[in-house]
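Shown next, in structure tokens, is the structure this report addresses.
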Amino acid sequence: IKQGLTKTRNVFSGVLDLFTSNRRVDKAFLTQLEEQLYLADVGVQATAQIVDRVRQGFLDREVGEDVKLFVRQQLREMLIDPSAGIHHVETGPTVVMIAGVNGSGKTTSIAKLANRLKLDGKKVLVAACDTFRAAAVEQLTVWCDRIGVDIVKQQQGSDPAAVAHDACERAKARGYDILIVDTAGRLHTQTHLMRELEKIHRVVGKQIPGAPHEVFLVLDGTNGQNAIAQAEQFTKTVKCTGIILTKLDGTAKGGAVFAIKQKVGLPVKYIGVGEQMDDLEPFDPDSFVAALFE
Ligand code: GDP
């Protein structure tokens, strides 16, 4: 993970450097800590919380390893979430719906996720419900062939809810463990898109009680704080259960995972760290924070 986070680690070194200086926790130090955390894209709210706690616990004390460890623990605790990865249901297919705007890395992430689940021994089916974008189905088909997982699709322009319906029937009838449902990343209007997502959600739930069991929103990690505004907009209509944060290998804005958790209230479940099939990692707060501090 360290390798995938090189750029984020670089900006984070600005935070770490503060702890090596021979000084006291005073107003100037706290201001600098605030600036550096903010520069690392940790977000206003999360930054304020940490700075406040450092002030409460360490004001006028010497800056040292204990302060550094405290900040590290605060960051780690911020990310801890009981719901890691995918919650698999015991009987019937587990349905994972994937949303996200075009270009966020949705198709690639679905492929990577399908690959990962297949390697875990799961029987995986993919539903190509982004029937709006030309080439979306095609692109997904190429990935599925490469990985060796099955796909349910219809021609471009067909009703995505019908594709979802078919896919659920097939998943139940043929004993698939996991159904991953792709959705449109853009429609004529935002309202239209949100309605379509709701509809797919409903259709899936009718076919398979309790489904979708997970709704992951794919966010482009290079967007940093802008990704958060996008997440807030999506989660207003469709209840999401987690985030897949992509392209962390190419950005210094990996600190956004803190802001996403604090501000949107959603755990990052997976992170994308490259363009290849195996460049998706389950998000682990411990190793993420360790990678930034070590
Ligand atoms: P979609 O439009 O949301 O389906 O996006 P795609 O899956 O087609 O991805 C858009 C571009 O981002 C492609 O060139 C992908 O190879 C690239 N991409 C996706 N995920 C990652 C990632 O984690 N790291 C890097 N470096 N590139 C990625």
Side-chain angles (χ1 to χ4, degrees), residues 1-11 41 85 96-117 119 124 126-147 149 151-153 156 160 163-164 180-188 190 193-194 196-197 200 215-224 226-231 233-235 238 240 242-257 260 268-284 287-288 291:
I1 185 166
K2 262 190 180 178
Q3 229 176 348
L5 293 175
T6 309
K7 291 191 180 170
T8 300
R9 277 160 53 83
N10 283 345
V11 294
D41 259 278
V96 183
M97 189 171 155
I98 312 279
V101 303
N102 290 348
S104 60
K106 187 161 56 73
T107 310
T108 316
S109 296
I110 290 171
K112 291 170 177 174
L113 190 60
N115 183 52
R116 180 167 263 284
L117 292 163
L119 292 177
V124 183
V126 172
C129 295
D130 183 357
T131 57
F132 183 77
R133 176 170 66 162
V137 176
E138 211 174 296
Q139 220 177 47
L140 200 57
T141 306
V142 171
W143 272 113
C144 288
D145 287 348
R146 206 185 294 170
I147 299 161
V149 302
I151 182 167
V152 172
K153 59 184 173 181
Q156 197 202 326
V163 181
I180 303 176
V181 182
D182 186 19
T183 61
R186 189 181 72 83
L187 289 183
H188 308 287
Q190 193 63 20
L193 174 63
M194 294 303 168
E196 179 167 304
L197 292 179
I200 295 174
V215 180
F216 292 164
L217 177 62
V218 180
L219 294 175
D220 184 334
T222 62
N223 284 339
N226 290 336
I228 290 156
Q230 220 173 67
Q233 193 176 20
F234 261 95
T235 50
V238 183
C240 298
I243 302 288
I244 298 180
L245 195 64
T246 63
K247 309 183 197 179
L248 283 194
D249 52 306
T251 181
K253 296 177 179 168
V257 295
I260 289 170
V268 172
K269 297 267 198 167
Y270 293 92
I271 52 175
V273 290
E275 295 188 88
Q276 302 307 314
M277 226 188 270
D278 50 5
D279 291 330
L280 184 81
E281 306 208 4
F283 180 72
D284 171 42
S287 42
F288 185 81

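Ligands are counted one by one from 1 in listed order, and the atoms in each one are counted from 1 as well.
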Give yes if a backbone or side-chain nitrogen or oxygen of [X] is under 3.5 Å from a nitrogen or oxygen of ligand 1, and no if not.
X    : result
T108 : yes
R133 : yes
E275 : yes
N102 : no

Tell me whether [X] reaches ligand 1 (any heavy atom closer than 4.0 angstrom to a ligand atom).
X    : answer
G103 : yes
V273 : yes
V101 : yes
G185 : no

What atoms of ligand 1 come closer than 4.0 angstrom to any heavy atom of [X]?
X    : answer
K112 : 20 (N), 21 (C), 22 (C), 23 (O)
S104 : 3 (O)
Q139 : 8 (O)
K106 : 1 (P), 3 (O), 4 (O), 5 (O), 7 (O)

- Message: With rounding to the nearest 0.5 angstrom, report the CD to OG1 distance, Q230 to T235.
- Response: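 So the CD of Q230 and the OG1 of T235 are separated by 11.0 Å.
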- Query: Going from CG on D279 to OG on S109, what distance comes out if it is rounded to the nearest 0.5 angstrom?
  - Reply: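 Answer for the CG-OG pair, D279 versus S109, is 10.5 Å.
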For [Y], does its backbone N or O pair with a side-chain atom of [X] as donor and acceptor, under 3.5 Å?
X    : Y    : answer
T251 : T8   : no
K269 : I243 : no
R133 : N102 : no

- Task: Please name the residue in the list T108, D220, N223 that meets the side chain to side chain donor-acceptor pair (under 3.5 Å) test with K247.
- Result: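 The option that passes is D220.
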- Message: Among A136, G272, G274, which one puts a heavy atom closest to atom 21 (C) of ligand 1?
- Response: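 Result: the heavy atom closest to atom 21 (C) of ligand 1 is in G274.
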- Query: What is the nearest protein non-hydrogen atom to atom 18 (N) of ligand 1, stated with its residue, atom name and distance?
  - Reply: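 For this ligand atom, the closest protein heavy atom is K247 CE, 4.0 Å.
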- Task: Starting from atom 4 (O) of ligand 1, find the nearest protein heavy-atom neighbour and note its residue, name and distance.
- Result: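 Minimum-distance protein heavy atom for atom 4 (O) of ligand 1 reads T107 OG1, 2.5 Å.
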Answer whether the closest heavy-atom distance between the side chains of [X] and [Y] falls below 4.5 Å.
X    : Y    : value
R116 : Y270 : yes
V137 : D130 : no
V238 : T183 : no

Part of [X] within contact of ligand 1 (heavy atoms, under 4.0 Å):
X    : result
Q276 : neither
R186 : neither
D249 : side chain

- Item | Partner of L219 under side-chain contact (heavy atoms from CB on, under 4.5 Å), chosen from V268, I260, V101, T246 |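 Answer to the side-chain contact (heavy atoms from CB on, under 4.5 Å) test with L219 among V268, I260, V101, T246: I260.
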- Please report the shortest heavy-atom distance between V124 and V149, naming the atom on each side.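 Residues V124 and V149, closest heavy atoms: O-CB, 3.8 Å.
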